[in-house]
There are 2 protein chains.
Amino acid sequence: MAGRRQSDATELEAAQPAGAGGFSLGDFLPYRLSVTTNRISRAFAERYSARFGLSIPEWRVLAVLGSFAPLSSNEICERTAMDKAKVSRAVALLTGKGLVDRAAHPEDQRLLRLSLSPRGRGTFEAVVPIAEELEAELTAELSAEERAVLDRCLERLGSAVGRLARPDER
Amino acid sequence: MAGRRQSDATELEAAQPAGAGGFSLGDFLPYRLSVTTNRISRAFAERYSARFGLSIPEWRVLAVLGSFAPLSSNEICERTAMDKAKVSRAVALLTGKGLVDRAAHPEDQRLLRLSLSPRGRGTFEAVVPIAEELEAELTAELSAEERAVLDRCLERLGSAVGRLARPDER
DNA sequence: TGACGTCCGTTTCACTTGAAACGATATTGG
DNA sequence: CCAATATCGTTTCAAGTGAAACGGACGTCA
């Protein structure tokens, strides 16, 4: 697919006149990232959502609690990059299913003290290998060096976009 | 922010017990892609949405029509990786704003023949430099080789996830 | 102490989303 | 030719989303 622009001007494809130069949505990095990422998220969700009854936000909360419990809702927001409303709803669902325990912080009644229940830990430990297998399949055709470059690129893209949002950052 | 895991085990951070091994959501590729991509999409939308009154789906339709008009709704679906309902709504908004012309296909009345109006082309050509500037800023700290590796990785990730969805692909 | 401002998590509200139902057109097969 | 099926784009519907309003808990400062 793809195909460089203006190379094969078939019947239906009217080549762009000018002005817009050679812009091609298919080569535009934000677009490529978005399409690939959404397809990956859907593919991963297919593997665990039906089997474990988890949405993507629920899995993310489960994942951070699996590694860093106990956490408050706010700490989950920071670690998952989800907004607080989303976290609140995911936590409510998970506690309703008995996968997450919630208690009040002993020293600050505003804070929740969230952690995995035994069943929640069991679910977490069941999903982790699925996640790792998916990642392995996705990156099977990437060399170790390519994978390292990819990680570095993502990190730099992340810091670059952070700078765009807050131009007066240090 | 960020901060490597387990390096600064401050008061609150209880290290994970075991079982789940060293799984860390922050290192999980689908998660990293998702967070970075969403931040980039939002940053880009900030630059054109207020100024031109375009949502992300509208911009995408405009972009493919800018390069490949005339297209049917279905062809826009394929080129933008959006589902047909989303495309339908974006097209309706764009025609309502006078940025897109719609006509019936002369040989198949089911198909639309969508193209940019003169105003639509003007908007497209005004947004393209913004898109290119954003991409340049994002990739400013990436070497040409890193950018090439990134593109290759995205392509391979895309084909890998396609294989996951349809394991009997060729 | 008490009034004010802040922080935390929940809830409300308007909007967006994708799946499915739908009407309209085109194609296929009897 | 007509019936059955498929395709295209729209609309409906239930679920999910972020922004903002909200109430409760905490900190501050007079």
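Protein chains get the first letters and strands the later ones, always in sequence-line order, with residue 1 at the start of each. What you see is a predicted model, and the numbers here were worked out from it, not measured in a lab.
At the phosphate of C/dG9, neither OP1 nor OP2 sits under 4.0 Å from any side-chain N or O atom of A/Ser88. One finds a side-chain N or O of A/Arg102 lying less than 4.0 angstrom from the OP1 or OP2 phosphate oxygen of C/dT10. For B/Lys86 and C/dT16, the shortest distance from a side-chain N or O to OP1 or OP2 is not below 4.0 Å.
Both A/Glu107 and A/Lys84 lie near DNA chain D, and the one whose nearest nucleotide falls closer to the 5' end is A/Lys84.
The nearest whole Å value for the distance from the CE atom in A/Met82 to the C1' atom in D/dA19 is 17 Å. Rounding to whole angstrom units, CG of residue B/Asn74 and P of D/dG9 are separated by 5 Å. The CD1 atom of A/Ile56 sits 13 Å away from the C1' atom of C/dG18 (whole-angstrom rounding). Taking atom CG on B/Asp83 and atom P on C/dT16, their separation rounds to 15 Å, with Å as the unit. In this structure, CG of A/Leu112 is placed 19 Å from P of D/dG23, rounded to the nearest angstrom. D/dG18 atom C1' lies 13 Å from atom CG of B/Asn38, rounded to whole Å. Between the CG atom of B/Leu111 and the C1' atom of D/dG9 there is a distance of 10 Å, rounded to whole Å. Between the CD atom of B/Glu58 and the P atom of C/dT16 there is a distance of 9 Å, rounded to whole Å.
Follow the hydrophobic side-chain contacts under 4.5 Å out from A/Val127 and you reach B/Leu25 in the same cluster. Both B/Val87 and A/Val35 belong to a single network of hydrophobic side chains, linked directly or stepwise wherever heavy atoms of I, L, V, M, F, W or Y lie under 4.5 Å apart.
Relative to the side chain of B/Ala85, the nucleotides C/dA19, D/dA19, D/dG9 differ in distance, and C/dA19 lies closest.
If you check every strand for non-hydrogen atoms under 4.0 Å, B/Ser72 touches sugar and phosphate atoms only.
For CZ of A/Arg152, the number of neighbouring non-hydrogen atoms (other residues, nucleotides, ligands) closer than 6.0 Å is greater than 12.
A/Ser159 and A/Arg163 share a side-chain donor-acceptor pair at under 3.5 Å. Counted by atom type alone, A/Arg89 and A/Ser55 present zero donor-acceptor pairs between their side chains at under 3.5 Å.
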Under 3.5 Å, N/O pairs linking protein and nucleotides 23-25 of chain C:
none

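Between B/Trp59 and A/Phe23, the two ring planes are tilted [angle within 30° to 60°].
Evaluation of atom-type donor-acceptor distances gives a pair under 3.5 Å for the side chain of A/Arg89 against the base of D/dG18.
Look at A/Glu135 and A/Arg147 and you find a salt bridge, because one of the NZ, NE, NH1 or NH2 atoms lies within 4.0 Å of a carboxylate O, short of that distance.
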